[in-house]
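These notes are about the structure you will find just below.
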There are 2 protein chains.
Amino acid sequence: MTTLVEVARAAGVTAATVSNVLRNRGKVGEETRRRVLAAVESMGYRPNLMARALVEGKPHTMALVVSSIANPFYPEFALEVERAARKLGYFLLVCNTNDDPAQERAYLDAVGGALAQGVIVMNADFVQLDALQDLRRRGVPVVLCMWERPQEPPPLPCVAVDLYQAGVLAAEHLLRLGHKRLGAVCGSEPTGNHQWRLRGFIDTVQKAGVELPASHLRYGHDTIDDGRNAAHSLLAGVPGLTAVFATNDLPALGVLQAAAELGLEVPRDLSVIGVTDIQLAHQMRPALSTVAMPTAEAAMLAVQMLQSEITAKPDHPLPISITEPPRLVVRASTGKPRG
Amino acid sequence: MTTLVEVARAAGVTAATVSNVLRNRGKVGEETRRRVLAAVESMGYRPNLMARALVEGKPHTMALVVSSIANPFYPEFALEVERAARKLGYFLLVCNTNDDPAQERAYLDAVGGALAQGVIVMNADFVQLDALQDLRRRGVPVVLCMWERPQEPPPLPCVAVDLYQAGVLAAEHLLRLGHKRLGAVCGSEPTGNHQWRLRGFIDTVQKAGVELPASHLRYGHDTIDDGRNAAHSLLAGVPGLTAVFATNDLPALGVLQAAAELGLEVPRDLSVIGVTDIQLAHQMRPALSTVAMPTAEAAMLAVQMLQSEITAKPDHPLPISITEPPRLVVRASTGKPRG
DNA sequence: TTGAAAGCGCTAACAC
DNA sequence: GTGTTAGCGCTTTCAA
């Protein structure tokens, strides 16, 4: 590997000068500058980022901790974070914990061990807020991203999306279309991650005077399969259902499949709406109506917040950024009820 | 940030001793050891991985360069690489180039600049072998993964999967079921990445005496949408088609959708088979028959190969690993032709 | 405008 | 067993 000193020697100067040339510090003679650049070029020199990080006291690296990439939303979000990080000059270390707390612990230690300058953690069902607070107390910048309830923030810097609103928007859309027999499929436990989306939906529906008893609700995991099973159970248990809200796109796609298996035509016999707007949502047929998350914005805010955390003084107040509200995207899976 | 020296001071020893304790180098008195550990614990010390990397001459980091994560296969593969890397004690830096050569260049420079010890590059349509060879010449370990044609290896260390075989297996499966009117949808240009899969299919079909003129072939991108469009064109242009091979799962899902839109029942009216076995393949309905890639194995081999490249002497012969052959996975989208 | 020197946090020889 | 020393590749005062 070519080092700075070797380049310097080749150019007949000293390491400091080469460094100055490379960082455009000015104060370098034009002639010297040319010689140095030539040497750099011909030797294929690349600065050792680790060494630079060491002396500067910071690696230009952020870490993103995701719990699983089984759900296609995570990679899509990771992509956005990567983009945002690059824009600010950071590299992104992606840490997949596979829903394994030990793995997460190991990653956080490593990151706390200065592999990255800070860490963005995807809010997921099982996030261990305690471990993250510890980390933060030890001086490692941490940002929690995609917190779903801005009104009740976590004890960490966070980027929040008001997903209660997502439930509200979905409900309003279905009610506006004239649906009165509604069901919902929740992609988490009742007290889990998706609870707010569901509450927004329930509150809005009930406020409109439409009944939505517990028997119209199903809970499961955030997967296509669970969505399909829930839909089968729902359609069997609640006669006359005309619309289903799923707290995420994956289960919504499962509902679509269940409908197809039962010979129901969407949206004529059943309207279906999800949340997130993953890529699949518009690629499937019928294309899925959904409430889109401001993914790119959340990613950008998270990266920016992490950057401020990195430079912030200790004991500054806990920051929180709130994204634009989610947005209704009407596609082909929702329509007026029959009759 | 707590450093080694601070810990040493607190424990009343010197940095070397702390280091010895932490690395379990033995030769440390039990009593001292205890004191050191206590200090480490109470001060929340974490070794600075950058410093360690610098002195050891290697970061425990590998980079994975992927061109895009629009295609769900990439994240799934990235996950496997991450797992394999972790198993060998490496962290994984994920570099998404967004199909942008400049971005790729920037990443490769950074990685060549010792952010990572080496780089695994996903074989994609547009991989720039030249740039990679340059990098390798500069001494950066590079492994190309998922090369599709072991018989014609690239000028780089690589992990190859014989995807010609994938085409063969798909063809044999369809022929065995009795199909005689076949079509194919290729997820790349005729000379693109998927050409071998298609050739395997064509060769096998023709060897069996079944005709497969160019009019039964469609080319496009590796997306659901292109698969759907190709299928519409194919089904309109070739009457009596009973089975379609898609060179990837995504276009295969598109074919499934086209069939549904045309009121065709799968597999009664049309059999569909893809390649890869992404997660969606078994989550969709009908579940997709496909030829599964040995993803986890390829990931492991790539990581292992990169590790040997890292420790290999210069000018060693170009290594190539070949995975197990792809495997036929029969699900619900293929069956006997009607009549 | 350029060079010399110190030091980032850590490890590895070697000496004590 | 433990400490001393040197140095990884780089940046950054400070002198020349």
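Lettering of chains follows the sequences in order, A, B, ..., and the numbering in each one begins at 1.
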Handout entry: Identified side-chain contact (heavy atoms from CB on, under 4.5 Å) counterpart of Leu163(B) within the set Arg149(B), Met293(B), Met146(B)
Key = Met293(B)
Exercise for the section: Apply side chain to side chain donor-acceptor pair (under 3.5 Å) to Gln279(A) and list each qualifying residue two or more places apart in sequence or on a separate chain. Expected result: none
Exercise for the section: Compare all side-chain heavy atoms of Met300(B) with those of Leu88(B) and state whether any distance is below 4.5 angstrom. Expected result: yes
Exercise for the section: Taking the side chain as every heavy atom from C-beta outward, state whether Ile120(A) and Val159(A) have any pair of such atoms under 4.5 Å apart. Expected result: no
Ion pair [X]/[Y], N-O distance below 4.0 Å:
X: Glu30(A); Y: Arg34(A); answer: yes
X: Arg9(A); Y: Glu6(A); answer: no
X: Arg86(B); Y: Glu82(B); answer: no

Handout entry: Range on DNA chain C touched by chain B, heavy atoms, distance below 4.0 Å
Key = dG9(C) to dA12(C)
Grab the N/O contacts between the protein and nucleotides 2-6 of chain D below 3.5 Å, and write none if there aren't any.
unit_1, atom_1, unit_2, atom_2, d
dT2(D), OP1, Thr32(B), OG1, 2.4
dT2(D), OP2, Gly29(B), N, 2.5
dT2(D), OP2, Thr32(B), OG1, 3.0
dG3(D), OP2, Thr14(B), N, 3.0
dG3(D), OP2, Thr17(B), OG1, 2.8

Exercise for the section: Taking side-chain contact (heavy atoms from CB on, under 4.5 Å) as the test, write out the residues that go with Ser19(A), two or more places apart. Expected result: Leu4(A), Arg23(A)
Handout entry: Atom-pair distance (CZ on Arg23(A); P on dT13(D)), nearest Å
Key = 12 Å
Exercise for the section: Take the protein atom CG of Leu115(B) and the nucleotide atom P of dC10(D), then report the distance between them rounded to whole Å. Expected result: 13 Å
Practice task
Give a yes or no on whether Glu152(A) atom CD has more than 12 heavy-atom contacts from other residues, nucleotides or ligands under 6.0 Å away.
Solution key: yes
Using modelled atom types only, decide if a donor and an acceptor are shared between the side chain of [X] and the backbone of [Y] within a distance under 3.5 Å.
X: Glu309(B); Y: Val143(B); value: no
X: Arg46(B); Y: Asp109(A); value: no
X: Asn98(B); Y: Asp100(B); value: no

Practice task
Mind grabbing the angle between the end helix axes of the helix from dT1(C)-dA16(D) to dC16(C)-dG1(D)? Five pairs an end, 10° rounding.
Solution key: 40°
Exercise for the section: Could you pull out the closest heavy-atom pair between Thr2(A) and Tyr45(A), with the gap in Å? Expected result: O-CD1, 3.4 Å
Practice task
Return the residues of residues 48-56 of chain B meeting this criterion: a heavy atom under 4.0 Å from some atom of DNA chain D. Order them by number, or give none.
Solution key: Leu54(B), Val55(B)
